[in-house]
> 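One structure coming up, written as structure tokens, with questions to follow.
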2 protein chains.
Amino acid sequence: MSVERPRAATIEDVAQVAGVSRAAVSKVLRDAYGVSDAMRERVTAAMTQLNYRPRIAARAMRGRTYTLGIELPDLANHFFARIARGATGALEGTPYQLIIAPAEAGSREGLRALEALVDRQVDGVIAVSPRVDEAGLERISASVPVVMFGRHDTSDRYDVVAGDDASGAKAAMRHLLGLGHQHIAHLTLQESGAHEPFPHGVRLHEYEAAMAAAGLTGNAVVWRTDEGETPSYGVVRRMLEAGTPVTAVFAAHDELAFGAMRAAAEAGVPLAVVGYDDVPMASHPALGLTTVHQPGEAMGARAVQMLLERFAGRTEPAREIFDVELKVRTSAGAPPA
Amino acid sequence: MSVERPRAATIEDVAQVAGVSRAAVSKVLRDAYGVSDAMRERVTAAMTQLNYRPRIAARAMRGRTYTLGIELPDLANHFFARIARGATGALEGTPYQLIIAPAEAGSREGLRALEALVDRQVDGVIAVSPRVDEAGLERISASVPVVMFGRHDTSDRYDVVAGDDASGAKAAMRHLLGLGHQHIAHLTLQESGAHEPFPHGVRLHEYEAAMAAAGLTGNAVVWRTDEGETPSYGVVRRMLEAGTPVTAVFAAHDELAFGAMRAAAEAGVPLAVVGYDDVPMASHPALGLTTVHQPGEAMGARAVQMLLERFAGRTEPAREIFDVELKVRTSAGAPPA
DNA sequence: TTGAAAGCGCTAACAG
DNA sequence: CTGTTAGCGCTTTCAA
């Protein structure tokens, strides 16, 4: 006994029931010009009766898919969930639907996810992994509008939404230095380079600059970890046990910061920790993570808006840098005397 | 000299460059039967040269889209990220791509997201919001294989992956009662009903049963909250300040549990908390949330596997219930004497 | 204001 | 083993 998969209603069926042509139905569907109220009504009735749903794939062959794609590097990082929520919210009331392509870590993966989205003919894409290579990005932005998150270089190929990473990192370092810390480590991902115009690159650069400005270049240490709280924990734990003389750590994002806090707690070492992003758990009283707040929802919403503007005809590249704000909580106190 | 926007290569272009027919290219593409090595090579070369990427939309008109869709109710809940990660992992090495449709709370939203996926012709869907109405589900499962998460009823229309919610909830309650608590509240979402075959329904039911079995029916209290840590915090805070005489709370999932812990900490009230899911932060030493571990990755991977089995021809419904395990940590101690 | 008809890029019979 | 051909369900000129 095999499962019957009855053919769903097509535009042709609707046309027949309504006693009109396919073209007419299509026009009603797209709210196109030149349809009488009477016809609209009959067609609408037929659509309801048949429970008609247009096939996006068929539309894609000629026109739009009414689908926006967002590529996310790490679902486990709550900051990205915020961006996605903001993007979804901004789409409410529009005919567009957001789909997410998970990327796992790595620049190659980011590109792969982006291409999967393009293959599926999304009308626009939002790329959150910053480390997508230029060639790939060029290819993609040739066929669909792109909004890149967090890039601090400029391009006329894509729009940009970013946080003010320089200010944020400066504020974080100012806080730690102001507390009297002299041995501050920076915890970042494997691939980040201080010369790169990506969020972690900028944060790393500002860390080094701040240490230098404080005359502490000799104390600067950069700890590198794979993505995620657990790898971060492992790295910091190892460093702490190796006796690295550090009293504070500035983590490139909150998940890494949580890992550092876990390591310090388990190793029984006092460690001031500052994070970045301000994910919801950061403000939990048991954690009290001092961190740099980024308005994730607003940033996601703005990215969507930029795409909609492109559809509406904008051709010059847009670019918006969001303000960030240091949230001082309990995770970073003064160093032991 | 105007810049021609290059039309992306089609199967026709590849055929011309390789000097073969479209059908031949299509066969190479799909690894279909009856292609000589020589032809395969020429075609592959042409594809690389033109940087050819098949248009999923065009394929969708005739065959598969090589796309699986998963609908997720709450990106902010880390447990769902785990499911998605497991699903993505299980797809590695297959030609399939996973896309995520975010749903926001509510059964209507879950259905909407599912339909958006179906409109986009995914080859199979995984539904994580359990509260999708039967009529909608019937319609959907008529056109595409469906795996439902967490449903404890049986159906011949869709496959099921779930955790053993009855055992998990029993273990949670046994723990709290064993510690000597007599005033235990259950914290759950607005809509959950103890008669419903959904995860939260079962957990609620087991809570009531355990209280009754301990002769504590008179002490049973169910707190209801909207989705998320913040609403949970608000509800618990209000209850605590109203002086509800409670020494412990069994939360329907970890995010709610974190909200309860935050409320207790801020209200300065000692409160034993047990959660459900075991999201990564639960094991952080600053939190130490006692909770019921569900193997999210394995569950996501199994759901994907069920879909692949359907594609391979399975017609009888499948169903797998995963074991869960109570993780005892520090968040739930004995009640004050 | 409406409809006929020509594709969009691909797959899958079917012929050769 | 390879090519020809007929659509899949839509949108979009272009006539009527």
Side-chain angles (χ1 to χ4, degrees), chain A residues 5-44 46-47 50-67 95 118-123 143-144 311, chain B residues 5-44 46-47 50-67 95 118-123 143-144 311:
Chain A
R5 302 236 183 258
R7 200 176 54 79
T10 71
I11 201 172
E12 174 71 47
D13 302 327
V14 176
Q16 295 216 335
V17 168
V20 300
S21 72
R22 272 160 33 210
V25 178
S26 176
K27 278 176 187 158
V28 171
L29 212 52
R30 291 170 296 122
D31 248 325
Y33 205 74
V35 193
S36 66
D37 285 359
M39 170 170 283
R40 183 187 315 284
E41 213 154 301
R42 296 177 58 193
V43 169
T44 310
M47 294 200 298
L50 295 174
N51 205 306
Y52 169 71
R53 312 224 15 139
R55 304 263 244 273
I56 302 291
R59 304 183 103 168
M61 301 289 295
R62 295 314 238 101
R64 317 220 125 289
T65 56
Y66 299 98
T67 309
V118 172
D119 293 344
R120 282 157 186 79
Q121 256 134 289
V122 292
D123 296 335
S143 71
V144 61
F311 303 158
Chain B
R5 188 167 117 183
R7 198 175 49 81
T10 72
I11 201 171
E12 175 70 48
D13 302 326
V14 176
Q16 295 215 336
V17 168
V20 299
S21 72
R22 273 163 29 211
V25 179
S26 176
K27 277 176 186 157
V28 171
L29 212 53
R30 291 171 295 123
D31 248 325
Y33 203 74
V35 192
S36 67
D37 286 358
M39 168 169 282
R40 184 188 314 284
E41 215 155 301
R42 296 176 57 193
V43 170
T44 311
M47 294 200 300
L50 296 174
N51 206 306
Y52 169 71
R53 313 224 15 137
R55 301 263 247 277
I56 303 291
R59 302 182 106 169
M61 300 290 295
R62 290 320 239 101
R64 319 217 124 287
T65 55
Y66 298 98
T67 309
V118 172
D119 293 344
R120 281 157 187 79
Q121 264 43 19
V122 293
D123 296 335
S143 70
V144 60
F311 303 158

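Lettering of chains follows the sequences in order, A, B, ..., and the numbering in each one begins at 1.
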> Is a salt bridge present between B/Asp37 and B/Arg42, judged by a nitrogen-to-oxygen distance below 4.0 Å?
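No, B/Asp37 and B/Arg42 are not salt-bridged.
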
> Expressed in angstrom and rounded to an integer, what is the separation of B/Tyr33 atom OH from C/dC14 atom P?
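Answer to the nearest Å: 19 Å.
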
> Among residues at least two apart in sequence or on other chains, which ones pass side chain to side chain donor-acceptor pair (under 3.5 Å) with A/Arg62?
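Side chain to side chain donor-acceptor pair (under 3.5 Å) list for A/Arg62, sorted by chain: empty.
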
> A/Arg59 has an atom CZ; how far is it from atom P of C/dG9, in whole Å?
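Answer to the nearest Å: 18 Å.
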
> Are the side chain of B/Asp119 and the backbone of A/Arg55 linked by a donor-acceptor contact shorter than 3.5 Å?
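No, the answer is negative, given that no donor and acceptor are paired below the 3.5 Å cut-off.
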
> Which part of the nucleic acid does B/Tyr52 contact within heavy-atom distance under 4.0 Å: base, sugar-phosphate only, or nothing?
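Counting heavy atoms under 4.0 Å across all strands, the contact made by B/Tyr52 is with sugar-phosphate only.
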
> Using atom CD of A/Glu41 as one end and atom P of C/dT2 as the other, report the distance to the nearest whole Å.
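For the pair A/Glu41 CD and C/dT2 P, the rounded distance is 13 Å.
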
> Between C/dT11 and B/Ser26, is there an OP1 or OP2 to side-chain N/O distance shorter than 4.0 Å?
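Answer is yes, contact under 4.0 Å.
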
> For the pair made of CG in B/Leu50 and C1' in C/dG9, what is the distance, rounded to whole Å?
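My rounded result for the distance is 15 Å.
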
> Look at the side-chain N and O atoms of B/Thr10 and state whether any lies under 4.0 Å from the OP1 or OP2 oxygen of C/dC8.
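No, because none of the side-chain N or O atoms of B/Thr10 sits under 4.0 Å from OP1 or OP2 of C/dC8.
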
> What distance do B/Gln121 atom CD and B/Arg64 atom CZ have between them, rounded to the nearest 0.5 Å?
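Those atoms lie 10.5 Å apart.
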
> With nearest nucleotide decided by heavy atoms, which residue, B/Gly34 or B/Ala60, maps closer to the 5′ end of DNA chain D?
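Of the two residues, B/Gly34 wins.
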
> Counting side-chain heavy atoms from C-beta on, which of C/dG9, C/dC10, C/dA5 comes nearest to A/Ala23?
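Closest nucleotide among those given: C/dA5.
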
> For A/Asp31 and C/dT1, give me the distance from atom CG to atom P, rounded to whole Å.
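The distance from CG of A/Asp31 to P of C/dT1 comes to 14 Å, rounded to the nearest Å.
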
> Examine the side chains of A/Arg120 and B/Thr67 and answer whether a donor and an acceptor come within less than 3.5 Å of each other.
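Their side chains do contain a donor-acceptor pair, which is all the 3.5 Å distance test asks for.
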
> Return the value, rounded to whole Å, for the distance between atom CZ of B/Arg62 and atom P of C/dT11.
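After rounding, the reported distance stands at 10 Å.
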
> Roughly how far, to the nearest 0.5 Å, is the CG atom of B/Leu50 from the CG atom of B/Asp13?
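Here the interatomic distance stands at 6.5 Å.
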
> Going 5' to 3' on DNA chain D, which nucleotide is the first and which the last to come under 4.0 Å of a heavy atom in chain A?
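So the contact region on DNA chain D extends D/dG9 to D/dT12.
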
> Whole-Å distance between C/dC8 P and B/Ile11 CD1?
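It works out to 14 Å between those atoms.
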
> If you look at every strand shown and take non-hydrogen atoms under 4.0 Å, does B/Val25 touch a base, only sugar-phosphate, or nothing?
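It contacts nothing in the nucleic acid.
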
> Mind listing the side-chain donor-acceptor pairs of residues 14-29 of chain A below 3.5 Å, one per line with the distance, residues two or more places apart or on another chain?
{"unit_1": "A/Gln16", "atom_1": "NE2", "unit_2": "A/Glu12", "atom_2": "OE2", "d": "3.4"}
{"unit_1": "A/Ser21", "atom_1": "OG", "unit_2": "A/Ala23", "atom_2": "N", "d": "3.4"}
{"unit_1": "A/Ser21", "atom_1": "OG", "unit_2": "A/Ala24", "atom_2": "N", "d": "3.2"}
{"unit_1": "A/Ser26", "atom_1": "OG", "unit_2": "A/Arg30", "atom_2": "NE", "d": "3.0"}
{"unit_1": "A/Ser26", "atom_1": "OG", "unit_2": "A/Arg30", "atom_2": "NH2", "d": "3.1"}

> A/Arg55 CZ to C/dC10 P: how many Å, rounded?
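Nearest whole value for this atom pair: 19 Å.
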
